[in-house]
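Chain letters run A, B, ... following the sequence lines, proteins first, then strands; residues in each count from 1.
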Number of protein chains: 2
Amino acid sequence: MRKEAMERRNEILDVADELFGQKGFDGTSTNDILEKVGIARGTLYYHFKSKEDIMDALIERYNAQILGAAKEIAANKSIPVHERIVRVVMALNISSGNGKEIIDHIHKPQNALMHQKIQKVIMNGLPPILTEIIHEGIEQGLFSTPYPYECMEMIVAYTNTVFDDDMVDMTDEERASRIPAFVFNVERLLGVESGSLMYMMKMFGNGGEENGNNDG
Amino acid sequence: MRKEAMERRNEILDVADELFGQKGFDGTSTNDILEKVGIARGTLYYHFKSKEDIMDALIERYNAQILGAAKEIAANKSIPVHERIVRVVMALNISSGNGKEIIDHIHKPQNALMHQKIQKVIMNGLPPILTEIIHEGIEQGLFSTPYPYECMEMIVAYTNTVFDDDMVDMTDEERASRIPAFVFNVERLLGVESGSLMYMMKMFGNGGEENGNNDG
DNA sequence: TTTTATAGACAGACAGTCGGTCTAATGAGG
DNA sequence: CCTCATTAGACCGACTGTCTGTCTATAAAA
């Protein structure tokens with residue numbers, strides 16, 4: 001019945017995570033949460049100062065998970081630069097096991113505020129990580145751009161908006177057809193020969209699932 | 001006291017527009033709205049089925065205003081292609097009188113849902129308009145890209161995220177320094193010589209204000 | 001005994017509903 | 001042309017249920 005503060009806190013966050021995912025932030029009442037955890041109102045508000053505070057704590061966890069995974073990949077210099085970039089971007093967008101469930105339920109339309117907060121974390125956290133890799137690539141003579149940071153920012157903004165979202169209405173074919181276009185545009189932005197990143201297209205198609213550790 | 005339905009409806013929308021702008025959607029109660037309009041609860045719900053329904057109607061009005069202005073500029077073939085693109089994009093992002101107040105108060109942090117809905121309208125509505133112009137430019141031999149639509153989508157996603165938002169934390173200098181980078185990247189995407197769009201940079205600095213028709 | 005965690009009653013605010021009212025137009029009968 | 005009943009559309013405001021956040025009391029640990 002009585003528990004360590006951190007344990008309770010995490011229990012609450014786990015339940016909130018699940019319920020927000022199912023019913024959205026607004027659709028989930030604090031009662032839903034505390035009933036499912038099996039605690040009283042007072043306990044909930046002993047551990048969190050408000051409902052939004054719960055969301056912020058949740059985002060903090062996501063943040064660590066998402067950017068942590070990205071940093072890990074980025075630091076792995078045994079992966080060729082080209083591929084590393086794609087992997088880092090995809091670690092968030094498509095589904096690489098880790099962030100899959102997170103990303104999945106953030107994009108429920110009810111979760112506009114949570115969505116916005118996560119986007120902000122990504123838009124501020126991911127481009128610096130990617131820019132590091134680009135600098136490596138520039139040193140290796142692979143890329144050529146005077147504005148690596150802004151390139152990455154543009155790429156992240158695009159993938160977050162178009163691939164990550166129900167922001168753009170499109171059929172599956174339309175989505176698929178955007179991938180070669182995206183790769184082509186990235187090539188131009190990075191100043192590489194057309195086609196040199198093209199071989200990685202296949203990773204968009206199914207590469208994200210192949211090491212998925214859920215749903216199997 | 002008694003009015004035509006449409007008149008009342010618009011009164012309510014005008015007030016809601018103002019209050020949402022001041023206090024955000026969540027921060028504005030239906031009571032705030034109906035008191036300021038001077039009607040009873042029942043009347044509000046006679047004209048709108050829910051609070052969100054009011055927001056949707058508001059977005060409908062914005063939608064018409066924002067994309068209408070963009071279409072008007074896009075259709076004006078007396079403006080050179082280069083400049084027309086910049087003007088269309090800026091019609092939404094910086095401030096060209098028309099959409100200024102709208103855009104301004106959409107970006108209050110409380111208005112995440114409204115923001116998301118507007119973004120969606122823009123992301124689906126603006127690229128087609130811009131793509132038309134790009135096709136003109138391609139015919140004139142100004143641009144060269146096999147993926148004009150996706151280029152525009154990327155540009156719009158970027159400006160919406162980075163310039164339009166408090167999504168990215170940056171100082172005024174950082175914001176300013178992103179502009180040449182942005183222009184450079186657009187040049188690459190459109191396949192034009194570096195520098196050929198550069199002369200339009202100055203429009204970003206103050207061009208948006210020079211024909212502003214408010215606050216003066 | 002003091003601190004930490006838990007409990008649950010409670011207050012205040014809010015969105016949306018419902019039965020009923022008021023008014024202006026319509027139209028039939030005088 | 002007048003008048004009175006009928007109707008439909010606009011409006012009202014009390015009411016309901018729900019929700020968040022607060023407060024005080026209490027149990028267990030340190």
Margin query: For A:G38 and B:S29, find the nucleotide of DNA chain C closest to each by heavy atoms; which residue's nucleotide sits nearer the 5' end?
Written below: A:G38
Note to self: Heavy atoms from C-beta onward define the side chain here; which of D:dG9, D:dA14, D:dT20 lies closest to that of B:Y46?
What the structure shows: D:dG9
Next item on the list: Quickly work out the A:N31 CG to D:dG17 C1' distance and round it to whole Å.
Entry: 12 Å
Check: Any donor-acceptor pair under 3.5 Å joining the side chain of A:R2 to the base of C:dT4?
Finding: yes
Margin query: In this structure, how many angstroms lie between the P atom of D:dA28 and the CD atom of A:E4, rounded?
Written below: 17 Å
Notebook entry, point to check: Of the candidate nucleotides C:dA5, D:dA10, C:dG16, which contains the atom at the shortest distance from the side chain of B:R41?
Noted result: C:dG16
Check: Can A:N31 and A:S29 be said to form a side chain to side chain donor-acceptor pair (under 3.5 Å), step by step?
Finding: CA-CA 5 Å; A:N31 269 321; A:S29 73; 4.9 Å; no
Notebook entry, point to check: Does B:I39 offer a backbone N or O that forms a donor-acceptor pair with the side chain of B:T43 under 3.5 Å?
Noted result: no
Notebook entry, point to check: Tell me: CG of A:L44 to P of D:dC23, nearest whole Å?
Noted result: 16 Å
Note to self: Taking 4.0 Å as the cut-off, does a side-chain nitrogen or oxygen of A:T30 come that near to OP1 or OP2 on D:dT20?
What the structure shows: yes
Next item on the list: Please state how far atom NZ in B:K49 lies from atom P in C:dC18, giving the value in whole angstrom units.
Entry: 15 Å
Notebook entry, point to check: Between atom CD1 in B:I33 and atom C1' in C:dG16, what is the gap in whole Å?
Noted result: 13 Å
Notebook entry, point to check: Can you check the B:K3 NZ to D:dA8 P distance for me, whole Å?
Noted result: 25 Å
Notebook entry, point to check: Within the structure, does a side-chain N or O atom of A:R8 lie under 4.0 Å from either OP1 or OP2 of C:dT6?
Noted result: yes
Notebook entry, point to check: So which one's nearest nucleotide on DNA chain D is more toward 5', B:G42 or B:A5?
Noted result: B:A5
Margin query: Can you measure A:E7 atom CD to C:dT4 atom C1' for me and round it to whole angstrom units?
Written below: 15 Å
Notebook entry, point to check: Is the shortest distance from a Lys or Arg side-chain nitrogen in A:D14 or A:R61 to a carboxylate oxygen in the other one below 4.0 Å?
Noted result: yes
Notebook entry, point to check: Would you call A:E83 and A:R87 a salt bridge, using N to O less than 4.0 angstrom?
Noted result: yes
Margin query: What is the distance, to the nearest angstrom, from the CG atom on A:L34 to the P atom on D:dT22?
Written below: 15 Å
Margin query: Using a 4.0 Å heavy-atom cut-off, does B:T43 contact any base of the nucleic acid, only the sugar-phosphate backbone, or nothing at all?
Written below: base
Note to self: I want to verify a distance call: between C:dA9, C:dG16, C:dA7, whose nearest atom is closest to the A:A40 side chain?
What the structure shows: C:dA7
Notebook entry, point to check: So does B:Y45 get a side-chain nitrogen or oxygen closer than 4.0 Å to the phosphate oxygens (OP1/OP2) of C:dG16?
Noted result: yes
Notebook entry, point to check: Is A:H47 near enough to C:dT6 that one of its side-chain N or O atoms lies under 4.0 angstrom from OP1 or OP2?
Noted result: yes
Next item on the list: Name the orientation class of the two ring planes belonging to B:F182 and B:Y158 (parallel below 30°, tilted from 30 to 60°, perpendicular beyond 60°).
Entry: parallel
